[in-house]
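Following: one structure in structure tokens, then a few remarks.
Just so you know, ligand 1 is whichever comes first in the structure, and atom 1 is the first atom listed for that ligand. When a residue number appears, it is its place in the shown sequence, counting from 1.
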Amino acid sequence: MREWTKEEKYRILKDADEIAGMREGIAASKYRQTFHIQPPTGLLNDPNGFIYHDGNWHLFYQWCPWGAIHGMKHWYHTVSKDLVNWKNLGVAIKPDTEYDNKGAYSGSAYPLDDEIYLFYSGNHRDPDWTRISYTCIAKLEDNGTISKPDKPIFAPSPLFSSDQRDPKIIYNEELKKYFILIGARTHDGRGSAIVYESDELLSNWQYKGELKVPGFSDFGGMWECPAIEHIGDKDVFIFCPQHLKLPGRGETTNHNGYIIGKMDWESLTFTPEGSFHVLDFGFDSYAAECATKLDDNGKAVLVAWMGLPDSVYPTDEEEWSGCLTLARELTIRNRRLIQTPLPQLSILREEEMERTEGELPPVCEMEIDIPEDMDKDEYNFRLFMDKEGHGGINIHFDKDKSMFTVDRSGLTKKINPDQGEVREHTIENPLTHLRIFIDKSSVEIFVNDGDAVFTSRVFPTEAEHNFRLPESVKCRIWKLKPSVVDDFVI
Ligand code: FRU
């Protein structure tokens, strides 16, 4: 891989022409997705500012235009009416002030008087490269352009280390107050979250204190992208603890998970009603963000970055990397967050077939029903094998241990093997159902209607397009129509 200087990495995109040449090669890549949001060039990471407003779902993402590098982050804007068909609208926030001189980092959105306001972290670096992370606002104008006030809304708190970012804006109806939750790291290196409050959305922000989560005062080294969502009759604290290893997750030290409980905004205490659970048991999922549509019974949907910090992917050489997961509906069942594919995804289905082995369409959905009396030696579901039945991904279920495993060690194109090539999770119910969504370079596996989800990137070679399931299952497969326009809108 090429070496990048700071000057090359931290440039603001001024004109589409600067990346037009690079775009031609990228558009021709055989790994371009067809029903997932992906960057026109360069690197995509976190979803940002996910919001339903006035008939549209707006979804932004962290975007570095220059290559598969974590360089200058812009916010890129996409929009959808149904969370399935997405259109590119181009760059939203440019890091063009003193306060965000090295990137417009992650954040969230909130509506006020028919306008949408975007809250984000201005990643400022001093000449000696010391980080100062400002919390900034930008306004999304009706015509899609962005306006920014001269100043950020607040500077970082001296009570924490310089790692403070990813503002999540939350309104509490009872107290009639706005809160901003910020991911942080204490001076002695522990993951934390801090809270600001105000009576008004756009001003008067005051530091309120550290979020208290009893039992989690020493859990990882930095909490990125924190959020507190209200789902059903529960509060859910969703965040990304870093610098810790968790069972079943190989060598990776980056995780995205949640705790169900109750939030008290006056005492800033989130009281857990259970332990920390990983959101997605696959290899590539991070920085999830939720949105709700209030006229839809407050149903929450979640989207995550299909990638991880500190990871490299085979398309890095083609100068692009990253995509977002499918939008998923969130509910709570048996003290767990359940993610299910949206019902409207079925509009993409065409050409149904029923079979348990053979060639796998490169873009498809599989729905697999597993009989309860299946022999325990049978539970191997092979995807992306070659014609001779070698290699690929093996999905395995150990009936005695209830252990569900995804093993991608058989793929020709290796993906971060140093982080481990197997992910595993014990499921609580008998395995009865799998729904699998395959795009050109990803696979999302929903186990038992959302009991667990395994999301992974996969970069099959020309030969790796066969599958084989146990004979006794019933498997329907649909080819899927494209739903995310891959055009060059800057
Ligand atoms: C998470 C993250 C955020 C930060 C953003 C920068 O992946 O590190 O904490 O705001 O990415 O792109």
Side-chain angles (χ1 to χ4, degrees), residues 4 9-13 39 42-50 59-76 91-95 99-109 118-125 131-138 152 156 160-169 180-185 191-194 220-227 238-244 252-257 279-280 283-290 302-313 321-325 416 419 455 457:
W4 294 77
K9 278 170 89 166
Y10 292 96
R11 278 179 293 148
I12 301 177
L13 183 68
L43 178 137
L44 166 156
N45 57 307
D46 312 355
N48 291 154
F50 190 17
L59 180 52
F60 305 79
Y61 58 78
Q62 288 282 284
W63 181 45
C64 174
W66 309 118
I69 42 156
H70 287 275
M72 190 71 119
K73 298 289 170 67
H74 301 59
W75 277 40
Y76 191 95
V91 179
I93 305 178
K94 283 192 178 182
Y99 302 100
D100 53 18
N101 70 352
K102 293 295 178 283
Y105 275 12
S106 285
S108 53
L118 308 173
F119 291 70
Y120 69 100
S121 290
N123 181 44
H124 171 92
R125 295 271 191 181
R131 169 177 279 157
I132 306 179
S133 199
Y134 292 101
T135 299
C136 305
I137 303 191
F160 292 80
S161 78
S162 63
D163 278 325
Q164 298 179 38
R165 54 182 174 268
D166 311 337
K168 171 72 185 183
I169 175 110
I180 289 180
L181 193 60
I182 296 213
R185 179 184 180 128
S192 181
I194 46 185
M222 163 71 192
W223 291 356
E224 294 192 316
C225 307
I238 302 177
F239 62 115
C240 296
Q242 298 187 297
H243 316 296
L244 85 160
T252 184
T253 56
N254 298 302
H255 313 278
N256 197 175
L279 258 181
D280 188 308
F283 295 87
D284 305 290
S285 181
Y286 196 73
E289 214 196 341
C290 300
L302 171 145
V303 168
W305 168 27
M306 223 194 276
L308 280 182
D310 311 319
S311 295
V312 292
Y313 293 93
S321 129
C323 65
L324 298 182
T325 65
N416 304 300
Q419 294 176 14
T455 298
R457 297 306 301 272

Inset, instruction - Could I get the full list of salt bridge (Lys or Arg N to Asp or Glu O under 4.0 Å) partners for Arg457, not counting sequence neighbours? - result: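 Once residues adjacent in sequence are excluded, Arg457 has no partner under the salt bridge (Lys or Arg N to Asp or Glu O under 4.0 Å) criterion.
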Legend entry - Asp280 (side chain) donor-acceptor with Thr455 (main chain) under 3.5 angstrom: yes
Inset, instruction - Output yes when a side-chain donor or acceptor of Trp66 lies under 3.5 Å from a complementary backbone atom of Arg11, and no otherwise. - result: yes
Legend entry - Near ligand 1, at a heavy-atom separation below 4.0 Å: residues by chain and residue number: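 Answer by chain and number: Asn45, Asp46, Gln62, Lys73, Tyr105, Ser106, Arg165, Asp166, Glu224, Tyr286, Trp305.
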Legend entry - From Gln164, Glu224, His243, residue fulfilling side-chain hydrogen bond (donor to acceptor under 3.5 Å, both in side chains) relative to Arg185: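 For Arg185, the side-chain hydrogen bond (donor to acceptor under 3.5 Å, both in side chains) check succeeds only for His243.
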Legend entry - Salt-bridge present (Arg131, Asp163; N to O < 4.0 Å):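 Salt bridge flag = yes for Asp163 with Arg131.
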Inset, instruction - Please state whether the rings of Trp75 and Phe60 are parallel, tilted or perpendicular, taking 30° and 60° as the class boundaries. - result: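 Plane angle between 30° and 60°, so tilted.
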